[in-house]
Amino acid sequence: MSSRKELVELFRELTELLTLDEGGPSTFRVRAYENATEALKSTREPLEEMTVSKLTKLEGIGKSTAQKIREYYDTGRIERLEELRAKFPADFVMLARVPGLGPKTLLRLRDELQVANLDDLRAAIAAQKIRPLKGMGAKSEKKLAKAIERIGSKQDRRPIAEALPLAETLVEEVAALPGVEAVQYAGSLRRFRETIADIDLVVASRDAEPIMEFFANMGRVSEVLGRGGTKSSVVTNTGIQVDLRVVEPEQYGAALLYFTGSKAHNIRLRGRALDLGATLNEYGLVELETEKVLASKTEEDIYKALGMQFIAPPLREDHGEVAAAAENALPNLVATEDLRGDLHVHTSYSGDAKSSVAEVVEAASKCGYQYLAITDHGKDLHINGVDEVTHAQIAEEIAALGPKYSDMLLLHGCELNIGKEGELDYSEEQRAKFDLCVASIHSHFDLAPEAQTERLITAMKAPSVRILGHMLARSIGKREGIECGVDAVLEAAKEANVAIEINSGLTRLDAPVEVLRRACEIGNVFAVSSDAHHADHLSSIRFGVRHSHRGWVPRERIVNYWPLAKFKQWLDG
DNA sequence: GCCGTTTTCGGCCCGACTGTTTTCAGTCG
């Protein structure tokens with residue numbers, strides 16, 4: 001683990017233990033630790049080399065945190081953390097993971113019943129020792145017993161590829177209910193995070209009851225965690241928690257804003273609301289003095305009333321977007337309709353794809369594209385690869401479709417495989433016959449970082465290569481991306497005028513957000529690509545678009561946003 | 001613990017649901 005990552009981990013633990021020490025999560029000290037942890041996570045400053053006074057200049061980091069950072073880099077440990085670890089052993093901290101069991105109750109269980117671990121808690125429940133405690137009762141005891149069962153089955157965050165389809169289905173089903181004027185999934189899913197902990201649904205309706213009724217009784221519900229008049233939580237039989245909230249249609253924008261978050265973004269917005277003499281909650285932005293509702297119906301209204309640009313959901317992480325929006329300095333983000341082409345698409349010639357050349361081209365035409373690159377695999381990719389003869393055949397098929405699609409430039413491309421040493425399929429002379437080459441890694445994921453860096457740079461030096469496909473070759477939730485020197489690779493890409501792909505596959509979303517943001521700073525160009533393996537999947541490019549938003553990628557840097565002439569100039573350049 | 005031209009103290013985001021109460025504390029997001 002890099003020392004930076006470890007430092008963030010230590011601060012996370014510090015925050016968790018401090019929450020116990022403070023006896024509650026909402027003390028301002030705990031908040032400060034949360035903020036500091038977040039600051040460490042998102043900053044790019046070279047912390048290791050910085051003095052205490054320099055560190056305190058960073059937002060969210062004061063004297064105390066700065067000293068702990070220095071202490072960590074100088075001695076490898078943080079004294080305060082050691083103290084807290086001694087005070088709260090790991091077995092006891094484990095208990096905080098039981099849903100519904102917060103610090104207050106936890107500390108009372110320890111002080112009054114000597115509960116030190118999960119077994120103690122089970123024994124206390126079995127002996128009915130919980131219910132006599134003040135503020136507790138038979139119901140709380142039972143609830144606790146049930147919650148303990150869930151600690152084992154409770155899944156970590158789910159990959160977006162698993163959660164998004166379920167969320168879309170739920171939205172469709174709820175939208176069809178009578179009285180529903182609008183419905184949308186919110187939360188981290190709408191922010192397009194790679195993994196999500198639960199699905200949040202926000203509904204606009206004047207009659208919440210039938211929606212609650214439907215929601216709690218859906219066939220896929222395995223457990224109802226809570227059911228109120230306007231808010232319910234369930235667990236589905238695949239173990240994903242879904243929260244649903246119903247508001248009046250006039251309040252829909254405020255509710256959507258509130259539940260899309262992130263928490264830190266919301267806090268930042270509320271702070272700004274207070275500066276303007278107003279308060280912001282899930283029902284609206286309300287002027288404090290007059291109690292007049294300033295905005296509530298749409299998110300756009302609220303951002304406007306707060307005196308800032310609309311902030312796209314993927315940006316709402318409190319990574320500087322609020323300040324940027326107030327200064328009218330957000331990047332111009334690309335919309336799916338803005339894209340003029342797709343530069344990474346497979347046909348059934350690639351063993352792992354399903355649609356014919358004609359079907360893929362027709363689908364691209366329906367997307368309204370001005371250009372399309374068909375990029376079946378090179379021959380080095382065993383099983384799914386395509387040899388020279390077959391590629392010549394593909395070229396003919398594409399050429400034959402030219403007259404029918406005269407308003408679309410059809411390119412015969414190839415997705416080359418980057419070998420262990422950075423070698424590519426075919427000879428450079430043969431590669432030059434392709435209109436466009438994407439080069440991607442499909443194997444040898446565990447090489448040393450230096451070797452991976454060299455490998456990518458070598459591949460990009462081939463003059464035919466114009467796009468670096470799914471840069472880290474990760475699979476979200478399954479496989480970490482390769483380790484490499486990101487800056488060196490991005491610099492080399494810039495030098496070679498190679499675009500960094502923004503791969504739209506929900507299991508890929510590669511290059512990752514941190515790489516995209518770094519690439520923006522370095523000055524790279526990008527290609528948002530579907531990597532579709534079926535004609536129906538060209539539309540998944542919309543996911544890549546949302547991922548590009550998360551990376552703050554300005555549309556001016558996206559080669560397939562460019563008009564045909566400019567795109568061709570880049571392609572031939 | 002952090003922050004700041006209403007600065008070095010006194011603020012710091014806001015509400016639903018549950019289970020226990022009979023006006024509220026704890027938890028969660």
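Only heavy atoms go into these numbers, but all of them, side chains included; no hydrogens, no water, no symmetry mates.
Within the 4.0 angstrom heavy-atom criterion, only backbone atoms of the sugar-phosphate kind lie near A:Ile61; the bases stay farther away. If you check every strand for non-hydrogen atoms under 4.0 Å, A:Gly60 touches sugar and phosphate atoms only. As judged by a 4.0 angstrom heavy-atom cut-off over every strand, A:Thr65 is placed among residues touching the sugar-phosphate backbone only. Residue contacts shown for A:Leu58 are limited to sugar-phosphate atoms, with no base heavy atom under 4.0 Å away.
Going from the P atom of B:dG15 to that of B:dT8 covers 30 Å, rounded to whole Å. Using C1' as the reference atom, B:dT18 and B:dT23 are 15 Å apart when rounded to the nearest Å. Taking the P atom of each, B:dT27 and B:dT21 are spaced 16 Å apart, rounded to whole Å.
For the pair A:Tyr258 OH and B:dC14 C1', the computed distance is 6 Å after rounding to whole Å. A straight line from CG of A:Asp243 to C1' of B:dA16 spans 11 Å, rounded to a whole angstrom. To the nearest angstrom, P of B:dC28 lies 8 Å from CG of A:Leu101.
Residues that satisfy the salt bridge (charged side-chain N to carboxylate O under 4.0 Å, His left out) test with A:Arg85, not counting sequence neighbours, are A:Glu13, A:Glu82. For the salt bridge (charged side-chain N to carboxylate O under 4.0 Å, His left out) test, residues two or more places apart in sequence or in another chain that qualify with A:Glu250 are A:Arg206. Under the salt bridge (charged side-chain N to carboxylate O under 4.0 Å, His left out) criterion, A:Asp207 pairs with no residue, sequence neighbours left out. Residues forming a side-chain contact (heavy atoms from CB on, under 4.5 Å) with A:Gln128 (at least two apart in sequence, or on another chain): A:Arg131, A:Glu141. Residues passing the salt bridge (charged side-chain N to carboxylate O under 4.0 Å, His left out) test with A:Glu213 are A:Arg227, sequence neighbours excluded.
Remark on DNA chain B: of its neighbouring residues A:Leu106 and A:Thr230, the 5'-side contact belongs to A:Thr230, judged by nearest-heavy-atom nucleotide. If A:Asp200 and A:Gly62 are placed on DNA chain B by their nearest nucleotide, the residue sitting closer to the 5' end is A:Gly62.
With salt bridges taken as basic N to acidic carboxylate O contacts below 4.0 Å, one links A:Asp21 and A:Arg80.
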Would you list the protein and nucleotides 19-26 of chain B atom pairs, both N or O, that sit under 3.5 Å from each other?
residue: B:dG19; atom: O3'; partner: A:Ser140; partner atom: OG; Å: 3.0
residue: B:dT20; atom: OP1; partner: A:Gly137; partner atom: N; Å: 2.7
residue: B:dT20; atom: OP1; partner: A:Gly137; partner atom: O; Å: 3.4
residue: B:dT20; atom: OP1; partner: A:Ser140; partner atom: N; Å: 3.3
residue: B:dT20; atom: OP1; partner: A:Ser140; partner atom: OG; Å: 2.6
residue: B:dG26; atom: O3'; partner: A:Thr105; partner atom: OG1; Å: 3.2

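Pair check for B:dT8 finds none; no Watson-Crick or G-U wobble contact set falls under 3.5 Å.
Here the side chain of A:Tyr33 is nearest to one of B:dC14, B:dG15, B:dG1, namely B:dG1.
With no hydrogens or angles considered, no side-chain donor-acceptor pair links A:Thr37 and A:Lys41 at under 3.5 Å.
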